[in-house]
Amino acid sequence: MTRLTEDLSQPISVLLRKGTQQAHEAAEHSQGAGWLTRGELDREEYIRFLFMLWNVYSAMEQGLDEAQSNTILQPTYRPAVLARTESLSSDIAFLLGTAEWQYHPVYQQYLRSIPQPVTNYMERLKSLSSSPETSGLLLAHAYVRYLGDLSGGQFIRRRIAKVYELPDNGDGIRFYLFSNGNGEDAGPSEIRELKEWYRDGMNAGVGDNEELKEALVDEAVLAFKLNQDLFTVLRGPSNPTNQEKTIPTIPYAEPPTPNTLVPSELVTGSTLRSHKKRINVLFGRPYEVVVLGAVFLMGLFLVTNNWMQ
């Protein structure tokens, strides 16, 4: 059980963000998350990852559908906008080139040896869904997945589209596209509004029930662990780039706190000394001013555009 040191009178949206920070960082810095975020997975392995997500979302969203009248879940139940199962199916169909993808040999092979982390995740979701007393805890899993899709998922979408050379019409990346409620894809401002609506809905559904708040934080930590376990069964890229992780990876839930936006290896003592030495000679070497300025502006652009509040 997670030991919360926070004031439990705070809204559940705040407690979830604070209480899952360590679990969030562990998941985002895992090797598999790095492969995904940098677009390094082979196309076939990315499809296999979508199979896993389809299994997980199918179980989660079936549970949410069945428990939609639960007062904890009701304020955030909006499947027309949030549901991802059909979008995942659409992406898989496009990438495999057939609407009947569940009969495709690649998926049939996957079914013969479903990774254990997928089975564990589905069993947890089905267990929660099986009783009215526990179905409210599905909110923790929905929080981890949906807020992640709305946050870091938007960066992953652009990377996936570029690496796999997907068309501009959204085919192959519909999992990452959300509706604005008017039949159009939500833009950045609408994504921010949707995230705020979801947080407000969680706060309304949970209210002041401190026991429930603790249980939801514990369940969200478990949800991060279950998602992290999915990355452990990803197969590494056949042509690794061998590049250092130069961008933060945030596949889930809330954006990280500012100190997690810069990889720790960039702020070591030796690195700082190296930068200080370089600054001392900058005015004698103008091209370094241009290079460092460009790197700074690129980093600023990524932070302000991909980690929205």
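Across all their heavy atoms, Y121 and A223 have their closest contact at OH-O, 4.3 Å. When every heavy atom of V163 is checked against every heavy atom of G39, the shortest pair comes out as CG1-O, 3.2 Å. The minimum heavy-atom distance between A140 and A220, with the atom names listed, is CB-N, 3.6 Å. In terms of heavy-atom proximity, S30 sits nearest to F231 at OG-CD1, 3.6 Å. Looking at every heavy atom in both residues, P132 comes nearest to N70 through O-ND2, 3.9 Å.
Side chain of N180 to backbone of E184: a donor-acceptor contact under 3.5 angstrom is found. Under a 3.5 Å cut-off, the side chain of R38 and the backbone N or O of L36 do not form any donor-acceptor pair. Counting only distance, with no hydrogens or angles, the side chain of T76 and the backbone of L73 share a donor-acceptor pair below 3.5 Å. With hydrogens and angles disregarded, a donor-acceptor distance shorter than 3.5 Å links the side chain of D91 to the backbone of F175. Panel note: side chain D42, backbone E44; no donor-acceptor pair is recorded below 3.5 Å.
At a cut-off of 3.5 Å, with distance as the only test, no side-chain donor of E100 or T98 sits close to an acceptor on the other residue.
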Please tabulate, for side-chain N and O atoms in residues 203-211, each donor-acceptor pair with protein atoms closer than 3.5 Å (sequence neighbours left out).
from	atom 1	to	atom 2	distance (Å)
N203	OD1	I12	N	3.4
N203	OD1	S13	N	3.0
N203	OD1	S13	OG	3.1
N203	ND2	S13	OG	3.3
N203	ND2	R199	O	3.3
N209	OD1	E211	N	3.2
N209	OD1	L212	N	2.9

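No path of Ile, Leu, Val, Met, Phe, Trp and Tyr side chains, each step under 4.5 Å between heavy atoms, connects V14 with W197, placing them in separate hydrophobic clusters. Note on Y164: it clusters hydrophobically with I47, by side-chain heavy-atom contacts below 4.5 Å among ILVMFWY residues. Hydrophobic clustering (side-chain heavy atoms under 4.5 Å, transitive across Ile, Leu, Val, Met, Phe, Trp, Tyr) groups L111 together with L230. By the criterion of side-chain heavy atoms lying less than 4.5 angstrom apart, applied directly or through intervening Ile, Leu, Val, Met, Phe, Trp or Tyr residues, Y57 is not grouped with L177; the two fall into different hydrophobic clusters.
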Q.
side-chain contact (heavy atoms from CB on, under 4.5 Å), that's the test. Do V144 and H141 meet it? Break it down for me.
A. CA-CA 5 Å; V144 170; H141 293 270; 5.9 Å; no
Q: Decide side-chain contact (heavy atoms from CB on, under 4.5 Å) for L216 and M202; before the verdict, give the C-alpha distance in whole Å, the side-chain angles of both, and the deciding distance to 0.1 Å.
A: CA-CA 11 Å; L216 283 167; M202 289 195 302; over 6 Å; no
(Q) Quick one, L95 with L166, criterion side-chain contact (heavy atoms from CB on, under 4.5 Å). Give me CA distance, side-chain angles, the key distance, then yes/no. (A) CA-CA 9 Å; L95 293 169; L166 300 176; 3.9 Å; yes
Q | Residue pair V221, K225: steps toward the side-chain contact (heavy atoms from CB on, under 4.5 Å) verdict | A | CA-CA 6 Å; V221 169; K225 177 63 169 61; 5.9 Å; no
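One distance of note links NZ of K126 with CD of Q62; it measures 7.5 Å at 0.5 Å rounding. Once rounded to the nearest 0.5 Å, the distance linking CD1 of I173 with OG of S87 reads 11.0 Å. Interatomic distance, CG of L139 versus OH of Y146, reported as 11.0 Å (0.5 Å rounding). Expressed to the nearest 0.5 Å, how far CG of L150 lies from OH of Y176 amounts to 13.0 Å. Note: L194 CG to S189 OG = 11.5 Å, rounded to the nearest 0.5 Å. Put simply, CZ on R84 and OG on S89 are 13.0 Å apart, with the number rounded to the nearest 0.5 Å.
You'll find the side chain of K195 reaches within 4.5 Å of the side chain of S151, heavy atoms only. Proximity of F224 to Q228: side-chain heavy atoms (C-beta onward) are nowhere separated by under 4.5 Å. Side-chain contact between F51 and L88 is absent, with no heavy atoms from C-beta onward closer than 4.5 Å. Under the 4.5 Å side-chain criterion, counting only non-hydrogen atoms from C-beta, Y198 is not in contact with R78. Between R145 and L53 the shortest side-chain heavy-atom distance falls below 4.5 Å. Between Q116 and T119, the closest side-chain pair of non-hydrogen atoms falls below 4.5 Å.
Counting non-hydrogen atoms of other residues, nucleotides and ligands closer than 6.0 Å to CD of E165 gives a total of 12 or fewer. Applying the 6.0 Å contact sphere to CD of Q102 captures more than 12 heavy atoms from other residues, nucleotides or ligands. Other residues, nucleotides and ligands contribute more than 12 heavy atoms inside 6.0 Å of the CD atom of Q68.
Between E25 and the choices Q21, H29, Q22, the side chain to side chain donor-acceptor pair (under 3.5 Å) rule is met once, by Q21.
Partners of W54 by ring-ring contact (aromatic ring centres under 6.0 Å, His included), not counting sequence neighbours, listed by chain and number: W101. Not counting sequence neighbours, F178 has no partner by the ring-ring contact (aromatic ring centres under 6.0 Å, His included) test. With sequence neighbours excluded, the residues satisfying salt bridge (charged side-chain N to carboxylate O under 4.0 Å, His left out) with E45 are R48, R235. Every residue two or more places apart in sequence or in another chain was checked for a salt bridge (charged side-chain N to carboxylate O under 4.0 Å, His left out) with R43, and none qualifies. The salt bridge (charged side-chain N to carboxylate O under 4.0 Å, His left out) test applied to R124 returns E219, not counting sequence neighbours.
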